[in-house]
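Below is one structure, written out as structure tokens; the observations come after it.
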Amino acid sequence: MLIRSPKSSQLSENQVTDQKVYNNRREILKGLGYLGAGTLLTSNSANAFGLFGSDDKPEFQTQALSFKESPQLKEQTILTPEQKVTTHNNFYEFGTGKSDPVEAAKHFKVDPWKLTIDGLVETPVTLGYEDLYSAFDLEERIYRLRCVEAWSMVIPWIGFPLHKLLQKAKPLSSAKYVAFETLYDPQQMPGQKRRFSGGGLDYPYVEGLRLDEAAHPLTLMSVGLYGKTLPPQNGAPIRLVVPWKYGFKSIKSVVSIRLTDKMPATTWNRLAPSEYGFYANVNPMVDHPRWSQASERKITTGSLFNRNRVPTQLFNGYEEVAPLYKGMDLARYI
Ligand code: MTE
């Protein structure tokens, strides 16, 4: 059973999903019995529904998920409208403009998918497409994502803590870091064909965390947002979300997670080491060499003229991670 929702790119500003609509929709789905056990509730048979783009390829369709709702009181949280979350994106594999990915990724094929967890582990793990939604209990986490470009969004992510996946693989005591890699598929990801259109980045996009950062309970592998599977522009079918770090750490469309004893290379650090460090912890006291990080534009409405600037908080406000960096000079280890 496919629970079809309109493409977010077709929504107008006054149709953006606000807090109440999102909650109501969840109530309706619950009432219909869609939010039970199991997780992936629908099958992606775009073909059967005639959902073809103009060039005859099936368009990506998100699907409803079942998950444990966030204990956070949604009534007290102003979420960024879904329409904004899914149309204002950084995903250079699909173009460097914020509005490029929603369009360029609309035919992205994610099934079959293969995610491997290997390297310095006792038990290498491979997850296929269906496993992403069924191997772990899915839960909702409302996290702020603070982009290095000084804007932020508040998003109801759905996923599972990375440490649960790491536990399955049983890291060896020699493992100190975790290296992540995005899919490399220039046929599907036009930005990977030419460095110019891909922002000058080297592909595949790679990221890394220290093992203790990766194992922190806040670190999430996300497979959905706003009650549904991730749309391609947000990193379908699975991406990382590290809410206390600048958004570029939250690597999308992950195919490989490798445990290692060496600090892994990271895409933005490789391109501009003086601007982007390995740690990339949100820090209002340490400016980017070309702009201030002291405040951010909080994207809470669909309006282009939103002037909602707020002070940026250390670790994006997730102060429980401070012990991870005890004794470290955060101005040096950027
Ligand atoms: N992952 C890949 N593979 N490619 C990218 O270009 N952009 C990063 C991050 N993950 C990026 C990526 C940046 S700069 C940000 S701010 C976030 O994704 C944006 O996530 P969102 O579009 O879901 O808000």
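All heavy atoms count here, side chains included; hydrogens, waters and symmetry mates do not. Given the structure is predicted, the values throughout are model-derived calculations rather than measurements. Counting starts at 1 for both ligands and their atoms, in listed order.
Taking the ring centre of Y279 as origin, the terminal cationic atom of K249 falls outside the region bounded by 6.0 Å and 45° from the ring axis.
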Any protein N/O atoms within less than 3.5 Å of an N/O atom in ligand 1? List the atom names and distances, or say none.
unit_1: ligand 1; atom_1: 1 (N); unit_2: K252; atom_2: N; d: 3.1
unit_1: ligand 1; atom_1: 3 (N); unit_2: E93; atom_2: OE2; d: 2.9
unit_1: ligand 1; atom_1: 3 (N); unit_2: T182; atom_2: OG1; d: 2.9
unit_1: ligand 1; atom_1: 4 (N); unit_2: E93; atom_2: OE1; d: 2.8
unit_1: ligand 1; atom_1: 6 (O); unit_2: Y92; atom_2: N; d: 2.8
unit_1: ligand 1; atom_1: 7 (N); unit_2: N90; atom_2: O; d: 3.2
unit_1: ligand 1; atom_1: 10 (N); unit_2: S250; atom_2: O; d: 2.9
unit_1: ligand 1; atom_1: 20 (O); unit_2: R239; atom_2: NH2; d: 3.2
unit_1: ligand 1; atom_1: 20 (O); unit_2: K252; atom_2: NZ; d: 3.4
unit_1: ligand 1; atom_1: 22 (O); unit_2: N89; atom_2: ND2; d: 2.9
unit_1: ligand 1; atom_1: 22 (O); unit_2: K252; atom_2: NZ; d: 2.7
unit_1: ligand 1; atom_1: 23 (O); unit_2: N234; atom_2: ND2; d: 3.0
unit_1: ligand 1; atom_1: 23 (O); unit_2: R239; atom_2: NH1; d: 2.9

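A272 pairs by the side chain to side chain contact (heavy atoms under 4.5 Å, CB included) definition with E275, Y276, not counting sequence neighbours. Partners of D261 under the side chain to side chain contact (heavy atoms under 4.5 Å, CB included) rule, at least two apart in sequence or in another chain, are L120. E213 is linked by a salt bridge (charged side-chain N to carboxylate O under 4.0 Å, His left out) to K245, counting only residues two or more places apart in sequence or in another chain.
Residues Q313 and R146 bring no donor and acceptor atom of their side chains to less than 3.5 Å of each other.
One finds a salt bridge joining E149 and K98 here, because a Lys/Arg side-chain nitrogen approaches an Asp/Glu carboxylate oxygen to under 4.0 Å.
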